[in-house]
Amino acid sequence: MISSKISYRADSRAELNPAKFAPLLLGLFLSLIYAQNLHAQAVNYLYINASEGTASGGHTALRFDTETYHFQHYSGGIIRLVKQASADFDFQYRYLENRTLYQSNIELNPKQYAQLRDHFNLRFLQQKQQNTLLKEIQLNLALLEPKTTDFNALLTIRGAGLFTQKTNTSKLAPFDSQAINAQIKHRLGSAFLQQKALQLKKKLATIQPQRWPESALHLSKNAFISIPYSFAHHYLDTLSQLWFLQTLENNAPLNEVHYFSPKHNLFLLSNAEIEKLTHLQNSLIVDLGNLLHSQRPDWGNAALILYARIISLSYSISSGHWVLLDTYMDDSPSIAYAEVGRYESVFKTQRQEALSAITEIKQQLFSQPILTEKNYSHFERLSNYYYERERGLNKQQDIRISGEQSLPSKSIPLPAQLLPKLSPQAIETAKTRLIGYQKSLTQQMQTLYPYHLLTHNCVTEIFTAIQNAQVDAAPLTQLLKLINKDPVAFIPYLSFADIAEPQQQQILASFREQQLAQMYAQENNLRVYLREFNTLSAQDYKFTELDAPFLFFTQDQVWSRPLFGSFNLITAASIGIYGGFTWPFDAGENLKKGGVGILMSLPELAFFNIRKGSYKHLAFPIATD
């Protein structure tokens, strides 16, 4: 019995020999390391190379997948954190400004990644809120004395521009909103609408400027503030609510300038599609009723936009053809038709791409059981993109190259007769108070976020924010050590060189670099080079007023920069001399361009390139999802 137990223990020790388990333990250890790396997330440090225009000496940013953060210099000596969608950031710098992006990865685990991203997002939201407070002061000053301020553009009624009081316009003949207007009034009740209007008129007459709470006047880097519901917003919101009720009461038609109906057969509606649009319209009418009973202070603007969409759906249903609202922003950038002609092939390609995308989206739209407002908005926005090019090319008009939104929000200036009726004493008292707020808050922001070329710039602020995030991560600790020991790391290019291992660098090509690569792949290389190395014959570049004059591109080859730079210098100097004769007639525009051109050409003599040439005709890539 005893010998039996001894034998069993001996066998057990033999089975538990560590040497036998070494391969298994090693495999387990390696699998844990692999699993950790597999779930690591990369934060990208970006360097944007030098170029003419903003951040001409180069720029830096920090990217968290679809979000990109970077610091920008603002007037008043302030540097603030900006957050952009990564696609928007790339489009601005790589495409419109034609700049190359260099990217280095910083590997973090999910917890570290989230902590760093949340710190940047929190700081962005805090600074955005503080800037909103300053804008609130500007809005109130504009409303108190609009004739003596520079803020008249702020005094608008958002959504009111979608309607007109005219009834004899040519485009209104096929459409009638009488039935849908009567349906909405019946649903809401005439007594309710009359009582609501009476309440709002009484309220409007009693709104007065008030002191702001002290809690809103003391800024901090680490805390949010409470933005007051100010006199101006209170007044404009109430006025917008009254404006909507009058628009509904008068059955005002849509402004013919702000809706369109493309002639392409793709925009014809079948009976089944009309039925789904009718269901959507009924749903929006319910939403409109709920909005009028809500406590939202801005329900007037929202109701105007929603009512316009309901009316446009009524036009579509009655005509059997899509009638869509113009969703472009009021200040959307545009290109004059004289310049459109130079890029006609580009805009025709964009128009065709949009049609293809609309075909796909329309199939998705009506294959779903229920047509939602979100999906409808996406279709409407893409149709705006298409029609803007269709209309501009066919009618020889300017083309808005960007600015289409999910919601139409056409504004009108606040009519002078609707300005608040306040006594001179009340206006002066409120103005004095607001100017004091403005001065104090501006000084606080200059103290909290000072800009300095060497110590507080786009580079230093990123690494200061990383340090303040206090993320316990070895890659970030190593990164900060590398930056802190280099006295010239405040320079964007050198900061990137300090932290980016050559094997980890990624190059995101500029628009022109992408175009050239495609040309070299498809055509004779010598022919492409001889055509594209200068601005006179380049197929992919057309000179715009955004660029100082130059003759040769110098970013492609380093060896030729001094030679080409010399010709660019002569070109710029010639424009400057010409500008000396024309300055009385062009306000010195040519003289200024010549001077900037000389400044951009001088570094080329020392083998350094700044200017790239910009592209204002590009449109944001179409997304169908």
Side-chain angles (χ1 to χ4, degrees), residues 91 95-96 98 161-162 164 166 168-175 253-268 308 312 315-316 319 321-359 362 379-405 408-412 511 515 535-547 549 585-586 589-590 593 613-622:
F91 184 65
Y95 289 81
L96 295 181
N98 192 35
L162 293 166
T164 181
K166 299 178 182 179
N168 59 344
T169 53
S170 58
K171 290 173 69 174
L172 294 177
F175 306 124
L254 292 179
N255 188 337
E256 64 177 9
V257 176
H258 296 317
Y259 72 88
F260 61 94
S261 184
K263 297 184 181 302
H264 196 280
N265 289 337
L266 185 60
F267 294 90
L268 290 172
S312 71
Y315 290 178
S316 296
S319 66
H321 204 284
W322 282 99
V323 177
L324 301 155
L325 296 173
D326 181 347
T327 67
Y328 277 89
M329 296 185 297
D330 292 332
D331 57 350
S332 295
S334 64
I335 290 184
Y337 183 74
E339 190 174 354
V340 168
R342 298 165 61 193
Y343 300 108
E344 184 174 359
S345 62
V346 174
F347 286 112
K348 284 183 176 180
T349 300
Q350 292 174 356
R351 179 180 61 183
Q352 189 56 45
E353 289 174 348
L355 270 181
S356 300
I358 289 170
T359 302
K362 187 180 179 183
F379 178 85
E380 184 176 55
R381 181 160 50 89
L382 186 54
S383 298
N384 270 262
Y385 177 95
Y386 159 76
Y387 185 72
E388 185 66 16
R389 284 141 185 81
E390 172 72 9
R391 177 192 57 80
L393 290 170
N394 289 344
K395 296 185 178 181
Q396 299 185 352
Q397 296 177 354
D398 298 357
I399 291 181
R400 292 170 291 184
I401 57 174
S402 63
E404 59 272 23
Q405 307 173 100
S409 57
K410 302 300 178 183
S411 303
I412 62 167
F511 176 72
Q515 295 295 101
T535 59
L536 299 179
S537 62
Q539 189 178 67
D540 80 307
Y541 173 82
K542 305 295 181 184
F543 183 76
T544 76
E545 72 277 5
L546 300 176
D547 299 331
F585 311 104
D586 63 3
E589 186 65 25
N590 283 317
K593 286 183 177 180
S614 61
Y615 294 83
K616 61 180 289 187
H617 67 284
L618 300 178
F620 197 83
I622 298 172

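Numbers here are sequence positions counted from 1.
- Annotation: side-chain contact (heavy atoms from CB on, under 4.5 Å) contacts of Ile412 (sequence neighbours excluded): Ile157, Ala160, Trp243.
- Summarising the geometry, atom CG belonging to Leu546 is positioned 9.5 Å from atom CG belonging to Leu96; distances are rounded to the nearest 0.5 Å.
- Minimum heavy-atom separation, Gly392 to Tyr337: O-CE1, 3.6 Å.
- When the side chain to side chain donor-acceptor pair (under 3.5 Å) test is applied to Arg351, the partners found at least two apart in sequence or on another chain are Glu390.
- The distance from the CZ atom of Arg389 to the CG atom of Leu355 is 12.0 Å, given to the nearest 0.5 Å.
- Residues Thr327 and Tyr385 fail the side-chain proximity criterion, which asks for heavy atoms closer than 4.5 Å.
- Considering only residues two or more places apart in sequence or on other chains, Glu589 meets the salt bridge (Lys or Arg N to Asp or Glu O under 4.0 Å) condition with none of them.
- A salt bridge links Arg400 to Asp326: one of the charged nitrogens lies within less than 4.0 Å of a carboxylate oxygen.
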* To do: Applying side-chain contact (heavy atoms from CB on, under 4.5 Å), run through Ser356 and Glu353 and close with a yes or a no.
  => CA-CA 5 Å; Ser356 300; Glu353 289 174 348; 5.7 Å; no
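- Here OG of Ser261 is found 7.5 Å from NZ of Lys263. Values are rounded to the nearest 0.5 Å.
- Between Tyr386 and Phe267, the distance from one ring center to the other falls under 6.0 angstrom.
- When the side-chain contact (heavy atoms from CB on, under 4.5 Å) test is applied to Asn255, the partners found at least two apart in sequence or on another chain are Thr164, Val257, His258.
- Listed here is the closest heavy atom pair of Glu388 and Asp398: OE2-O, 3.8 Å.
- Between Asn384 and Leu325, the shortest heavy-atom contact is ND2-O, 3.0 Å.
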* Asked: For His321 and Tyr315, what are the C-alpha separation, side-chain angles and deciding distance, and is it a side-chain contact (heavy atoms from CB on, under 4.5 Å)?
  -> CA-CA 8 Å; His321 204 284; Tyr315 290 178; over 6 Å; no
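- Across all non-hydrogen atoms, the minimal contact from Phe260 to Pro262 is CD1-CD, 3.6 Å.
- Thr535 pairs by the side-chain contact (heavy atoms from CB on, under 4.5 Å) definition with Tyr541, Phe550, Leu551, Phe553, not counting sequence neighbours.
- When all heavy atoms of Val323 and Tyr259 are compared, the pair lying nearest together is CG1-CD1, 3.5 Å.
- The CG atom of Leu393 sits 9.5 Å away from the CD atom of Gln350 when rounded to the nearest 0.5 Å.
- A search for side-chain contact (heavy atoms from CB on, under 4.5 Å) contacts involving Ser345 returns nothing, not counting sequence neighbours.
- Nearest heavy atoms, Asp547 versus Ser614: OD1-OG, 2.8 Å.
- Looking at heavy atoms from C-beta onward, Phe347 lies in side-chain contact with Ile335 at the 4.5 angstrom threshold.
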